[in-house]
Amino acid sequence: MLIVGGGRMGEALLSGLLAAGRPASDLVVAEVFGPRREQLAAAHPDVPIVDAVVAAASAVIAVKPGDVPGVARAVAGAGARRVLSVAAGVTTQSIEAAAGRPLAVVRAMPNTPALIGAGAAAISPGSAADEDDLRWAEEVLGAVGVVVRVPEAALDAVTGLSGSGPAYVFLVAEAMIEAGVLAGLPREVAATLTMHTLLGSSRLLTDGGATPAELRAAVTSPGGTTAAGLRELERRGVRAAFLDAVAAAAERSRELGR
Ligand SMILES: NC(=O)c1ccc[n+]([C@@H]2O[C@H](COP(=O)([O-])OP(=O)(O)OC[C@H]3O[C@@H](n4cnc5c(N)ncnc54)[C@H](OP(=O)(O)O)[C@@H]3O)[C@@H](O)[C@H]2O)c1
C-alpha cells in the first residue's frame, strides 16, 4: 500500500498501521519534500520512502487539498485500483474525474487526535467503491482511531462536529483553567485538574455504557454544588452555543467545498 504525502496525517497513518502489526514491507511512502523524506526514513527505517508516486494497488492520499487532483491522476496512472483520500473538502466525484480512469474512491474526514491514535473519522464511498473498499478504508483509519460510515453529503456535518470538535474542547479547557484561577487555584494546579477532568470524563463517556445525560444526573445531587454550576451554564446558553457552533462550522465547510 502506498501513502502519498508524508505530512502529519500521512505519518500518523503510517505509525498506526505499523503499530497495528502491518509489515513495513507492505508499505511505501511518497513524499516530495527532501528534508521531510530524511526525517521519515530516520523514524521508520524499514519503510521505503520515495520521492514520487510508485505502482501500488491501493493508495492513501494525505496531501494538501490543492494537490489531490494531481496525485489522483498519478496514482491512477501508476495502476492503483482504489484510493482513500483524507483531504478536507475534496469530493469523491472530483477525485474520480481527476483520475481519468475508473477508480474506487473512499473519502474520509479524520480529526487531529488521530495523531496520537485516538481519532474519530467518518468515511464515504465514491460511485465505484464497494463493501470491500470501505472495509479496507476502515482498516487503515481504524489503526488511528474509530471510524463510522456516512453518506458523502453528511461529511460537512462531520467536519463541523468531530473535524472541528477538538478545537471546541480546547476552548472549553482554556475557559475551565481560567475559571479555576479566578476561583483561587494556582495556574498549574487548575491546568492539571482541568485536563484530567476532561480525560477522565471522556473515558466514562466511552467506556461506561451510560449516556451523557445519565452520567450528568449521577453527579448532580438535589440542591447541590453541581446543580448550581450547571444552572449557570444553562442560563448562559452553552447548549445553544454548541448547536450554533456545529451548524456554523458545517455551513463553512459547505461553502469551502463549493
Ligand atoms: N492534520 C490533520 O489532523 C488533518 C485532519 C483532517 C484532515 N486532514 C487532511 O489531510 C491532508 C494532509 O494533512 P497534513 O496535516 O498531513 O498536511 P501536511 O503536513 O501539509 O502534509 C501533506 C504532505 O504531503 C506532501 N505532498 C504534497 N504533494 C505531494 C505529492 N504530489 N506527492 C507526494 N507528497 C506530496 C507534502 O509535502 P510539501 O509540504 O512539500 O508540499 C506534505 O508533506 C490534508 O488534505 C488535510 O486537509 C488533516
Side-chain angles (χ1 to χ4, degrees), residues 1-17 27-44 47-56 58-80 83-92 94-95 98-100 105-124 137 140-148 150 152 154-170 249-250 252-257:
M1 190 180 89
L2 172 68
I3 299 174
V4 186
R8 294 194 313 148
M9 192 51 78
E11 188 180 16
L13 288 168
L14 174 66
S15 302
L17 288 165
L27 301 165
V28 181
V29 177
E31 167 59 47
V32 285
F33 188 48
R36 181 64 184 150
R37 277 199 301 282
E38 282 166 31
Q39 283 176 353
L40 290 164
H44 311 280
V47 178
I49 313 289
V50 297
D51 64 358
V53 165
V54 292
S58 304
V60 175
I61 302 182
V63 299
K64 290 162 194 148
D67 293 327
V68 173
V71 169
R73 174 167 294 273
V75 295
V83 301
L84 166 64
S85 165
V86 299
V90 184
T91 63
T92 59
S94 70
I95 296 171
V105 178
V106 179
R107 176 181 163 197
M109 181 64 216
N111 67 5
T112 54
L115 304 176
I116 56 160
I123 57 170
S124 308
V140 172
L141 283 164
V144 293
V146 297
V147 188
V148 300
V150 299
E152 190 166 6
L155 281 183
D156 292 310
V158 169
T159 303
L161 183 64
S162 56
S164 304
Y168 309 156
V169 174
F170 302 146
R252 184 72 186 127
S253 172
R254 242 169 253 125
E255 271 171 28
L256 290 173

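Only heavy atoms go into these numbers, but all of them, side chains included; no hydrogens, no water, no symmetry mates. Both ligands and their constituent atoms are indexed starting at 1 by order of listing. The structure presented is a predicted model; accordingly, all values stated were derived computationally and were not measured. The first residue of the sequence shown is numbered 1, and numbering continues consecutively from there.
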Return the CD to CD1 distance between E11 and I49, rounded to the nearest 0.5 Å. 8.5 Å
How long is the straight-line distance from CG of L161 back to CG of D156, given to the nearest 0.5 Å? 12.5 Å
Near ligand 1, at a heavy-atom separation below 4.0 Å: residues by chain and residue number: V4, G5, G6, G7, R8, M9, A30, E31, V32, F33, A62, V63, K64, P65, D67, V71, V86, A87, A88, M109, P110, T112
Once you round to the nearest 0.5 Å, how far does CZ of R107 lie from CG of L155? 4.5 Å
I need the L40 CG to S15 OG distance, nearest 0.5 Å. 9.0 Å
Nearest 0.5 Å, what's the CE-CG distance between M9 and L115? 5.5 Å
Checking the side chain of S164 only, and the main-chain atoms of T159 only, is there a donor and an acceptor separated by less than 3.5 Å? yes
